[in-house]
Amino acid sequence: MKKITKVVAGALVALALPSLGLAQNYDDPAEFAKSLAQLSATPMGPEGEPWLQYLEDSMVDTSQYAKDGPATVCFSNAGVNNAWRVVGYTNMTEELALHDNIGEFIHLDAEGSDDKQIADIDDLLAGGKCDLLIVSPNTTAALTPAVEKACEQLPVIVFDRGVNTDCPVSFVHPVGGYGFGIQGGQFVADNTPKGGNVLMLRILPGVDVLETRYSAGRHIMEDAGLNIVGAEFTDGDNAKTKSIVEDYLQRGDIDAVWMDAGATAVAAIEAFEDGGYDIPVFVGEDQQDFLQKWDALGLTAIAPTYPTYQWRTAIIAASRVLKGEAIPGPEWVLPQPAITQDTLADYIDVTMPPLHYAMCGCEGMANYPQAWGGK
Amino acid sequence: MSIVIAPLKRMFESRRFERNAAFYLLLLAGLGYVLIAVATGQMQYLTLDNLVSILGRTVALGITAIGQTFAILIASIDLSVASLISAASVLASVVMNGDPGMIVPAILAVAVLGAVVGLINGVLIAYFDVNPLIATLAMSLIIQGILSAFVTNFAGDVPEGFQVFAYGTFAGVPYALILMLLLALGAWFVLRHTRFGANIYSVGGNPAAARSAGIRTSRVIISAHLICSLCAALAGIYLASRLRAGAPWIGADGVYDLESIAVVVIGGTVLSGGRGGIWGTMAGVMIFSLLDSIFNLTGVDAFVKQVLRGVIIVGAVALYSYRSGRIAA
Amino acid sequence: MSLAPASEKPGRSRWAQINPVYFVLLALLVLIVLQNPRFAEPTGYMNFLKRAAPLAILAAGQLYVIVSGGFDLSAGSLITLVVVGSSMLTNNDPNATAWVIAVMYAIGVVVGCVNGLVVTVLRVPSLIATLGMMISLGGLSMMWSGGSPRGYLPDTFRFFGRALIRDVPVIGLLPIAVIVMVVSGLLLWLLMSRTNLGRMIHALGDNPRAAQLAGVPVLPVRLSAFVVSSLSAVTAGILLGGFAGVSTDVGTGYELQAITAAVLGGAQLLGGRGSVPAAIAGALTLQAIFTLLNFMGFPQPLRQVVQGLILIAAVGLAAYRKKQGAG
């Protein structure tokens, strides 16, 4: 009987989880404060090369991993299933060409599946060829055991999303979701009159780095006395995004649009254009199509970024570890600048594809722009 | 030349070939794997350990496909397995919630969930004459909708003790793999050596004749769907154990609905029901897994791989259907 | 066979012979207007029609395959291929639109023919044949674009899905997409109900063996059904690309929605029965359900649940009516 009540209780907990559990996981005031501080911190490292910079003053010794001659680096990739990852992966392969001490590079694409990525890491370890493993985890908790197992055999570098273990040599990532949410939310709060209506557009639920963007953005805007008229999931789909905005416009005015990712920002802007409305304050991201639209229409806008240059940093970290040089760690926190009206012109490049992420730190690389699909 | 071709041609046209085609395909895939490993100088992938690892990645799909075989054998189909896998994984991990004492109740709860889903699918198809494709598609939407309304991320926690299910090994062979093989053995026994198994083939092959022979076709249909859903539920538990928690996207991300159907038909079970079997399905699962490994060995990018995958599914099925003489639709 | 319009059954009123989907659609529209009176203004209902247009056209095309006894699961990924491919080929050049659209329709013909040939010649069930096509086309779009959109669609291309004519008497404004929907719907309706091809598709789906014996040329007829479905997917793709621009997953899920719409319109799976106007009404019904739930503030996942319930209800009801009719 006791067991049955426990099962029922468990099921009820499951139902209550979204309201309770998520609030705790993704709305951590300490993390929020830490990110806020990091956004305004002065980065260490060479100026003008943010992919080499770091915000936390702590290094790890890697002399034990030093290897003579070209090494084999393996990379278990969550996927190249969206434009951000496509740009990032191009950064990575181009960076690779700059490092003589990396001989072979084995890349396994998990196609967005945790299960496949766990199997992929197994395969790489079973193959026994890797001298170092780079992991870009599909999800945090699920990949933890696989990464822990890998750590027992070889040095591991994790980047983008993290894992729940500190066994990797370093975890490379920009300031993160809270930082993104803070930059956009603050801009809306500063540029929208009190009581203004804000529509929040999100891609999809459940991704840590997106949930934190949302919680941070929402906090700031609510605290500024703005009225959040809705928070909708767009699935990253242009048609759906445009439809959602059209529907909201039919119901009332919108003074600002906050987005947790900018891939569909232009579709959202078009909903205002096609309906004959003024375009409100906009939070997008560093995609070329949004930046160009922003410039052409003279919007009041900001583009927080989740810089793709971290894909370069992952290779740089790997190369240094294999030379036995110290690297920032256990976390290598990269700067995460937002594109503002003042810097907009620096990032616009009409020859690049619409979803090229401008904060790539790749303009100076040998095969730019062709390798990224530019002309 | 003809010395080689003639026997090949005869083999291709024989009935035995049709029965064993899945295994020839498997052999071909295996051969391809070995050749590519040798040709690219990656001999380290030719060990027993690696074979086990290749088989190990099939467990979730394999268990699901065993169930799907039952559904397809009775000329039905189940599109709800992917959503059910997600729901089962979440339910299992939430009920366990890190407490080893809750492992058994969690498994029971998931079994009940699977049984309920299978029962509803079966009843809709058998008693209400709803087309199986639509019934299970609708079921899939309903399960996924309810699930996503309540859970948006990894939920619950699988206790350390239960992760043994996915990560533990016996003499180097994962428990889960042994379980899958035992399950296949059981399914084979049921299908080949029990009255119920014979009924499944009759109902799938010719429902009218089965009915007039006194078989309660509705019961057979419902049982087949029960088995299918229970297998999917088990796959969900396995994935929860492997990922240490359940998540509402696990099933959809693995495309277990379409993939399980694909491996079943590649294994020679025909969509119109009544013909096929478990070992064909197992061969189909291994073919998929070998393909994955071949693609990993050669470093073919994921997009090319997707194109080839589509072609291979159609090509493999064409191998059976081409000589069937039936009009397909 | 159900070639002729449903035979008149004595004792049943004329109302009972009208497809129930039209009543359901009407009821839903009334409910929507009650929820949100602004829907009755031109911007409201024209937005609704514009948004429903791709699905309506796709459902009407899918109906051809369904009536012939099969499924076309490749329609959704063909939409994606059209949008991605057009953006690659036009390269933002407004003068390229015409020939690029022609190329897209040619691709549609090829895809339809391959589907049809695999089903008729290799005798692969259409569920598997088009599943394979769906997976391969998905991969092709990604290969073509390198995984993310590489170009823009020029305004001349986007015209069909995005532009609207303002200051139209009575209705105020008229999206081009709605015109495309009406024209395609009319064409597909005429082709199905007024030509020999339509009759033969029905016959083939009703009883392939009998149709073959009666002299229906199976290969060309089935091929035509798949080609029509693919062409409708190309049209839907042009509208969707026009409506909101390029993305690499525009078409995802559209195949199942199109089948759902056709089924809501009373089409019988595995062949023999179905009507183009009813399939279009089915698509509008589906869109109306989404709109209504949206206005009522239902969270997205629950919309899925409602869609599932309605699907079961519609098919269960149809099966029940058939049983009653037969008994």
Side-chain angles (χ1 to χ4, degrees), chain A residues 18 79-90 109 111 204-205 230-252 263-271 273-276 287-289 292-293 350 352-357 371-375, chain C residues 35-39 41 43-48 50-52 54-55 79-80 83 87-88 91-92 138-139 142 145-153 158 161-164 166 173 175 236 239-254 287 290-291 294-295 297 299-301:
Chain A
V80 276
N81 42 14
N82 61 46
W84 186 83
R85 304 195 74 87
V86 172
V87 173
Y89 186 60
T90 313
D109 180 347
E111 296 160 55
L204 67 171
E232 300 279 346
F233 291 110
T234 65
D235 293 341
D237 177 37
N238 281 332
K240 204 165 172 186
T241 306
K242 199 166 170 181
S243 300
I244 289 171
V245 179
E246 279 178 354
D247 286 346
Y248 271 91
L249 283 170
Q250 259 187 57
R251 282 188 259 170
T264 60
V266 170
I269 294 173
E270 279 182 3
E273 276 189 300
D274 292 4
Q287 291 88 354
Q288 276 298 337
D289 62 349
Q292 288 168 32
K293 197 89 183 172
V350 290
M352 297 306 283
L355 292 190
H356 175 70
Y357 284 69
W372 287 261
K375 285 169 241 134
Chain C
Q35 270 289 322
N36 183 357
R38 284 167 92 167
F39 186 82
E41 294 166 19
T43 23
Y45 62 82
M46 278 303 172
N47 259 346
F48 167 79
K50 178 181 76 182
R51 224 175 278 169
L55 181 60
I79 289 179
T80 306
V83 173
S87 75
M88 298 296 292
N91 228 334
N92 211 7
M142 295 307 253
S145 64
S148 83
R150 290 243 157 162
Y152 297 87
L153 289 169
R158 297 200 53 188
R162 191 180 177 194
L164 29 95
R166 288 180 201 275
L173 77 176
L239 292 188
L240 276 170
F243 174 54
V246 194
S247 62
T248 46
D249 50 7
V250 267
T252 315
Y254 261 98
Q287 187 72 40
F290 293 149
T291 309
N294 192 8
F295 280 155
Q300 216 156 321

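Order of the sequence lines sets the chain letters (A, B, ...), proteins ahead of strands, with each chain counted from 1. Bear in mind the structure is a predicted one, so any value in this text is a computation, not a measurement.
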List in chain and number order the residues that pass side-chain contact (heavy atoms from CB on, under 4.5 Å) with N92(C), two or more places apart in sequence or in another chain; answer none if no residue qualifies.
-> Y152(C), P154(C)

Selection from R162(C), R38(C), K50(C) maximising heavy-atom pairs under 4.5 Å formed with chain A | R162(C)

Under 4.5 Å heavy-atom distance to chain C, tell me which part of Q292(A) shows up: side chain, backbone, both or neither.
-> side chain

Hey, does D274(A) have a side-chain heavy atom less than 4.5 Å from the side chain of K242(A)?
-> yes

Residue T248(C) versus chain A: region with a heavy atom under 4.5 Å | neither

Under 4.5 Å heavy-atom distance to chain C, tell me which part of L249(A) shows up: side chain, backbone, both or neither.
-> backbone

Contacting region of R51(C) [heavy-atom separation from chain A under 4.5 Å] | side chain

Answer key: most heavy-atom pairs under 4.5 Å with chain C among A263(A), A267(A), P354(A) is P354(A)

Face-on cation placement of R85(A) at Y89(A) ring, 6.0 Å and 45° thresholds = no

What residue, out of G147(C), G151(C), G161(C), has the most heavy-atom pairs lying under 4.5 Å from chain A?
-> G151(C)

For the candidates F295(C), F39(C), F243(C), which exhibits the highest count of non-hydrogen atom pairs separated by less than 4.5 Å from chain A?
-> F243(C)

Results of side-chain contact (heavy atoms from CB on, under 4.5 Å) for M352(A) - residues two or more places apart only = Q288(A), D349(A), H356(A), Y368(A), P369(A), W372(A)

Is there a side-chain contact between E232(A) and D247(A), using heavy atoms and a 4.5 Å cut-off?
-> no

Which value, rounded to the nearest 0.5 Å, describes the distance between S247(C) atom OG and N82(A) atom CG?
-> 12.0 Å

